[in-house]
Asker: 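Mind looking over this structure? Questions follow.
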Amino acid sequence: MSATGDLDAMDLSSGGRSDLPIGIFDSGFGGLTVARAILDQLPNEPIVYLGDSARQPYGPRPIAEVRAFALEMLDQLVDEGVKMLVIACNSASSAMLRDARERYDVPVVEVINPATRRAARATSNGRVGLIATNATVTSRAYDDAFAAAPHIELVSAACPRFVEFVEAGVTMGPDLLDAARGYLRPIVDAGCDTLILGCTHYPLLTGVISYVVGDGVTLVSSADETAKDVYRVLHDQGLARDEGMPRPRHRFRATGDPGVFAELGRRFLGPEIDAVETAPDTGGAGSGGAGGRPPSGTTESVLNKALTT
């Protein structure tokens, strides 16, 4: 599948594509930590971010449903015209990475293999922990990624409430600490010296995570490692934007309420989010509202729901 419309007449060699934006997709807000890392490492590159906030979270959904939703979102980005796809969602990466690389004629970077490589280099005792959503843990995508390093023992733990805490702006407090201690006990008991933050929300909880597991455990952020892969691919394939070009313009789109996305998104990314566009109606099953979108609500109601569901 390739970009359409006005791009049909454009030279899509590496030179012609270098001015196109990087397309970043996530189920909602967490992928903005990946976007932040990309902007920090590649400040000359424009990005288009698409968050499927109407159907988040992907973590509790069946793998087949996650795959269908994710490919639908990536189709939108490719049709709009991007030079690279970044799947900034562990659940989506685990569900459809191979499909995406076969489906599109642009490079595809994801979040699982970069973090796996970094963890394999970082561990001293061969015991690596993974915390992630239910979908990512049950997919065993990280187990498959570590298959090339049989000397490493992977200890996985699903931490579903971490996403709720982050999206509600909660990074400290007794409820979060209790949840972290429960989730992380298998990691601590196994003596892991390296821990992969296998969800792009989790870098915002490094304070409580490090407090529970101890300073001697190296935390591996999939966001930072993915940004390094993006840099490498742009350089190696001649897709980097010319340094003499004007300041890049970034775009942010959401399938859910753009106002809520903008407010919550600034917690992840910062002031670069000055406006959020509404993405085309997905009409997908399970999105929870007329026309595939959830009922609108205030930011406060969305935050309260995140803590009570």
Side-chain angles (χ1 to χ4, degrees), residues 26 30-42 59 86-91 93-94 109-137 139-163 165-166 170-172 176-232 268:
D26 182 53
L32 290 168
T33 60
V34 177
R36 175 75 272 163
I38 290 172
L39 293 179
D40 288 344
Q41 295 187 32
L42 295 160
V86 179
I87 307 172
C89 174
N90 280 266
S91 298
S93 294
S94 63
V109 173
E110 44 75 44
V111 290
I112 293 175
N113 285 301
T116 300
R117 291 195 300 268
R118 176 71 182 94
R121 292 193 301 268
T123 183
S124 297
N125 66 9
R127 291 189 289 274
V128 173
L130 165 70
I131 53 175
T133 64
N134 285 315
T136 298
V137 171
S139 75
R140 299 186 62 83
Y142 276 91
D143 299 79
D144 293 342
F146 275 112
H151 62 286
I152 289 179
E153 175 189 354
L154 183 65
V155 180
S156 302
C159 308
R161 291 191 66 204
F162 275 179
V163 171
F165 282 116
V166 169
V170 177
T171 58
M172 179 176 284
L176 173 59
L177 183 58
D178 285 347
R181 283 174 170 154
Y183 288 148
L184 296 167
R185 178 162 298 281
I187 309 297
V188 174
D189 289 347
C192 297
D193 70 349
T194 303
L195 177 60
I196 298 173
L197 308 183
C199 173
T200 50
H201 286 73
Y202 297 174
L204 295 176
L205 295 178
T206 53
V208 68
I209 292 169
S210 184
Y211 180 80
V212 172
V213 301
D215 291 338
V217 176
T218 299
L219 303 185
V220 175
S221 165
S222 56
D224 291 340
E225 299 307 314
T226 299
K228 294 174 185 176
D229 259 27
V230 170
Y231 185 105
R232 176 183 57 77
F268 292 80

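We use all heavy atoms of the structure for the numbers below, so side chains are in, but hydrogens, waters and symmetry mates are not. Owing to the predicted nature of the structure, the values given are computational and were not obtained by experimental measurement.
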Asker: For residues Ser94 and Thr136, report the shortest heavy-atom separation together with the two atoms involved.
Answerer: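 In this case the closest contact between Ser94 and Thr136 is OG-CA, 4.1 Å.
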Asker: Between Phe268 and His201, does the ring centroid distance fall short of 6.0 Å?
Answerer: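 Here the rings of His201 and Phe268 have centres that are less than 6.0 Å from each other.
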Asker: Report all side-chain donor-acceptor pairs from residues 110-118 shorter than 3.5 Å, counting only partners two or more places apart or in another chain.
Answerer:
residue: Glu110; atom: OE1; partner: Ile112; partner atom: N; Å: 2.5
residue: Glu110; atom: OE1; partner: Asn113; partner atom: N; Å: 3.1
residue: Glu110; atom: OE2; partner: Asn113; partner atom: N; Å: 3.3
residue: Glu110; atom: OE2; partner: Asn113; partner atom: ND2; Å: 3.1
residue: Thr116; atom: OG1; partner: Ile112; partner atom: O; Å: 2.9
residue: Arg117; atom: NH2; partner: Asp229; partner atom: OD1; Å: 2.6
residue: Arg117; atom: NH2; partner: Asp229; partner atom: OD2; Å: 2.8

Asker: So, using side-chain hydrogen bond (donor to acceptor under 3.5 Å, both in side chains) as the criterion, who are the partners of Tyr142 when residues are at least two apart?
Answerer: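 Residues passing side-chain hydrogen bond (donor to acceptor under 3.5 Å, both in side chains) with Tyr142: Asn90.
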Asker: Using the side-chain contact (heavy atoms from CB on, under 4.5 Å) criterion, which residues pair with Val137? Sequence neighbours excluded.
Answerer: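 side-chain contact (heavy atoms from CB on, under 4.5 Å) list for Val137, sorted by chain: Ala132, Ser156, Ala158.
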Asker: I need the Met172 CE to Phe165 CZ distance, nearest 0.5 Å.
Answerer: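 Met172 atom CE to Phe165 atom CZ measures 13.5 Å (nearest 0.5 Å).
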Asker: What's the separation between atom CG in Leu42 and atom NZ in Lys228, rounded to the nearest 0.5 Å?
Answerer: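 So the CG of Leu42 and the NZ of Lys228 are separated by 12.5 Å.
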Asker: Filter on salt bridge (Lys or Arg N to Asp or Glu O under 4.0 Å), then keep only pairs touching residues 142-153, sequence neighbours left out; what's left?
Answerer: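 For residues 142-153: Arg140-Asp143.
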Asker: Find the distance between CG (Leu205) and OG (Ser210) and round it off to the nearest 0.5 Å.
Answerer: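 Answer rounded to 0.5 Å: 12.0 Å.
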Asker: Do any side-chain atoms of residues 212-222 form donor-acceptor pairs under 3.5 angstrom with protein atoms, and if so which ones, sequence neighbours left out?
Answerer:
residue: Ser221; atom: OG; partner: Ala223; partner atom: N; Å: 3.2
residue: Ser221; atom: OG; partner: Asp224; partner atom: N; Å: 3.4
residue: Ser222; atom: OG; partner: Leu197; partner atom: O; Å: 3.4

Asker: Hey, mind stepping through Val208 and Leu177 against side chain to side chain contact (heavy atoms under 4.5 Å, CB included) and telling me if it holds?
Answerer: CA-CA 7 Å; Val208 68; Leu177 183 58; 3.9 Å; yes
Asker: As an exercise, state the distance from CG of Leu130 to OG1 of Thr194, rounded to the nearest 0.5 Å.
Answerer: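 These two atoms lie 12.5 Å from each other.
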Asker: With side chain to side chain contact (heavy atoms under 4.5 Å, CB included) as the criterion, how do Thr200 and Asp26 come out once you've worked through the C-alpha distance, each side chain's angles and the decisive distance to 0.1 Å?
Answerer: CA-CA 9 Å; Thr200 50; Asp26 182 53; 4.0 Å; yes
Asker: Compare every heavy atom of Ile187 with every heavy atom of Gly129, then report the nearest pair and how far apart it is.
Answerer: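 That closest heavy-atom pairing would be CA-CD1, 3.8 Å.
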Asker: If you measure from OG1 on Thr226 to CD1 on Ile38, what distance do you get to the nearest 0.5 Å?
Answerer: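 Those atoms lie 7.5 Å apart.
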Asker: Quick one: CD1 on Ile131 to CG on Leu195, what's the gap to the nearest 0.5 Å?
Answerer: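 Nearest 0.5 Å value for the CD1-CG distance: 4.5 Å.
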Asker: Going by the rule salt bridge (charged side-chain N to carboxylate O under 4.0 Å, His left out), which residues pair with Asp40 if we only count those two or more places apart in sequence or in a different chain?
Answerer: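 Residues passing salt bridge (charged side-chain N to carboxylate O under 4.0 Å, His left out) with Asp40: Arg36.
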Asker: For Arg161 and Ala179, which heavy atoms make the closest approach, and how far apart are they?
Answerer: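 Residues Arg161 and Ala179, closest heavy atoms: NH1-CB, 4.4 Å.
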Asker: Please give me the minimum heavy-atom distance between Val128 and Ala119, naming the atom from each residue.
Answerer: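 Taking Val128 first and Ala119 second, the nearest heavy atoms are CG1-CB, 4.1 Å.
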Asker: Applying ring pair (Phe, Tyr, Trp, His ring centres under 6.0 Å), can you list everything that pairs with Tyr231, at least two apart in sequence or on another chain?
Answerer: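 For Tyr231 there are no ring pair (Phe, Tyr, Trp, His ring centres under 6.0 Å) partners, ignoring immediate neighbours.
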Asker: Would you say Tyr183's side chain and Phe162's backbone share a donor-acceptor pair under 3.5 angstrom?
Answerer: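 Flag not set: sc Tyr183 to bb Phe162 has no pair under 3.5 Å.
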Asker: Give a yes or no answer on whether the side chain of Thr123 reaches the backbone of Ala120 with a donor-acceptor pair at less than 3.5 Å.
Answerer: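 The answer is no, because no donor-acceptor pair under 3.5 Å joins these two groups.
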